[in-house]
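Below: one structure, written as C-alpha cells.
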Protein chains: 2
Amino acid sequence: MVVDRSVEALNEACRSRGIRLTGQRKAISEVMARAQDHPSATDIHELVTRKHPRISLATVYRTLSVLRDAGIVEEHRFGEGRCHYELADGPHHDHLIDAETGQIVEFTDPEIERLQHAIAERLGYRLTGHKLELYGVRAGDADQG
Amino acid sequence: MVVDRSVEALNEACRSRGIRLTGQRKAISEVMARAQDHPSATDIHELVTRKHPRISLATVYRTLSVLRDAGIVEEHRFGEGRCHYELADGPHHDHLIDAETGQIVEFTDPEIERLQHAIAERLGYRLTGHKLELYGVRAGDADQG
DNA sequence: ACCTCAGTTGCGAATTGTTCGCAGCTGGTG
DNA sequence: CACCAGCTGCGAACAATTCGCAACTGAGGT
C-alpha cells in the first residue's frame with residue numbers, strides 16, 4: 001500500500017511544488033512518514049513537539065492544509081469531530097473502522113470503485129470524489145448475540 | 001422512498017417510545033416531515049421559529065439527538081462541519097452531493113450494499129454500519145475542460 | 001558569506017457547530 | 001387539579017479549526 005515513505009521523498013515533493021521547506025514542515029513530514037495509523041492534527045502536533053517544542057498547533061493545521069492542497073496528504077473526517085490525516089503516497093483506498101476499538105483498516109476494491117462511477121453516471125453526474133467508510137466489529141467476537 | 005411522512009405518525013412514534021410530546025417537539029417533527037432536503041440544525045431552527053419564536057437552538061439539537069437515538073431521524077456529516085438531518089422513515093439509501101451546488105441526490109444500489117458486506121467479511125468483520133457519499137458535478141456542464 | 005523579502009511562524013483571539021448547567025416551566029398521570 | 005420527571009431557554013462552555021498580525025527565516029541572487 002505504501003509506495004515511498006521516506007522523508008526525503010516528501011521533501012522533494014514539496015520542493016517540486018514550490019512549498020518552502022522549513023524546519024517545522026520537515027518535522028511534520030517526518031511524523032507523517034512514520035505514522036502507521038491515521039493521526040489527528042493534535043496527535044501530529046504532540047509528536048512534532050518532540051523535535052520542535054515551540055511549534056504551534058496552527059502551524060500544524062496550516063502545513064497539513066498546504067500538503068493536502070498539494071495532494072501530498074489526505075484529510076479524512078471519520079464519524080466524529082476531528083480530521084485524520086495520512087500520506088497520499090499509494091493507490092486509492094477506503095477505510096473500515098472497528099466500531100469497538102476505533103482501529104482503522106485500509107482496503108481497496110476495484111469493483112466498488114467501478115460501481116460508484118456507474119451510479120454517478122446513472123444519476124447524470126461525473127464523479128469527482130467519494131467517501132466510503134465501513135463500520136464493523138470483528139467477526140466471531142464476544143458481542144455476537 | 002418516503003413511506004409515511006405525516007406528523008401524526010411521527011408523534012405516534014415518539015409516544016410509543018415514551019418521548020414526551022411538547023409543542024417544540026411537535027413543531028420540529030412537522031418541519032422534518034415537510035423537509036424535502038437534508039436540513040442542518042440551524043435550518044431547522046430557523047423554520048421552527050415561525051411557529052415557536054422563542055425556541056432555542058439548544059432545544060433543536062436536543063430534540064434531534066432524542067429522535068436520532070430513537071431511530072426516527074438520521075444524522076449525516078457531509079463534507080464540511082455541520083450535521084444534516086432527515087427522517088429515517090424509508091429504506092436505506094446513500095447520497096450523491098453536487099460538488100458545485102451542494103444539492104443532495106439520494107440513491108440506492110443493492111449491488112454496492114452487497115459488496116460492502118462482502119468486503120467487511122473478507123477483512124474479518126461483521127458490518128454494523130457504513131457511510132457512502134459520492135461527490136460529483138453534473139455531466140455535460142460547463143466546467144468540463 | 002550576506003541581503004532581501006515573500007512566505008512562514010507563534011501567539012492569542014475569533015469562528016463555527018454543538019453541548020452543558022441551571023433555574024423555571026409543562027405534559028400527562030393519578 | 002396537583003405533582004414532578006422531564007423539557008426548555010438562556011448564556012456560558014467546549015472542541016476543532018482558522019485568522020490577524022508582528023516577528024522571523026529559507027533560498028536565490030550577489
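Order of the sequence lines fixes the chain letters, A, B, ..., with proteins taken first and strands second; residue numbering starts at 1 for each chain. Everything quoted here is computed from the prediction, not taken from an experiment.
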Would you check if there is a donor-acceptor pair between the side chains of H38(A) and Q103(A) at a distance under 3.5 Å? no

Among the clusters formed by ILVMFWY side chains lying less than 4.5 Å apart, do F78(B) and F78(A) turn up in the same one? no

If we fit an axis to the first five pairs and another to the last five of the helix from dA1(C)-dT30(D) to dG30(C)-dC1(D), what angle do they make, to the nearest 10°? 30°

Closest heavy-atom pair, L134(A) versus L132(A), reported as atoms and distance to 0.1 Å, is CD2-CD1, 3.9 Å

So which of H84(A), E106(A), K131(A) actually passes side chain to side chain contact (heavy atoms under 4.5 Å, CB included) with H95(A)? E106(A)

Give, ordered by number, those residues of residues 53-61 of chain A having at least one heavy-atom distance below 4.0 Å to an atom of DNA chain D; if nothing qualifies, reply none. L57(A), A58(A), Y61(A)

D69(A) CG to dT8(C) P, straight-line distance once rounded to whole Å: 12 Å

Selection residues 63-77 of chain A - residue pairs positive for side-chain hydrogen bond (donor to acceptor under 3.5 Å, both in side chains), sequence neighbours left out: R68(A)-E75(A), E74(A)-H76(A), E75(A)-Y85(A), H76(A)-E86(A)

In the single-linkage hydrophobic clustering (I, L, V, M, F, W, Y; side-chain heavy atoms under 4.5 Å), do L67(B) and Y61(B) co-cluster? yes

With the 4.5 Å side-chain cut-off for hydrophobic clustering, are V105(B) and I97(B) part of the same group? no

Please encode protein proximity along nucleotides 22-30 of chain C as a string of B, S and -, counting only heavy-atom distances under 4.0 Å. ----BBS--

Contact boundaries on DNA chain D for chain B, cut-off under 4.0 Å to non-hydrogen atoms: dA5(D) to dC10(D)

Membership question, hydrophobic clusters at under 4.5 Å side-chain separation (ILVMFWY): are L21(B) and V48(B) in the same one? no

Decide if atom CD of E111(A) counts as having more than 12 heavy atoms of other residues, nucleotides or ligands within a radius under 6.0 Å. yes

In short, F107(B) meets L96(B) closest at the heavy-atom pair CE2-N, 3.8 Å

Tell me whether the OP1 or OP2 atom of dT8(C) has a side-chain N or O from R25(A) closer than 4.0 Å. yes

Return the value, rounded to whole Å, for the distance between atom OH of Y85(B) and atom C1' of dG17(C). 9 Å

Smallest separation among heavy atoms of I28(B) and L64(B), with atom names: CG2-CD2, 4.5 Å

Keeping to residues at least two apart or across chains, list the side-chain hydrogen bond (donor to acceptor under 3.5 Å, both in side chains) pairs with something in residues 12-32 of chain B. E8(B)-R15(B), E12(B)-R15(B), E30(B)-R34(B), E30(B)-K51(B)

Are D109(B) and R122(A) within salt-bridge range, i.e. N to O under 4.0 Å? yes

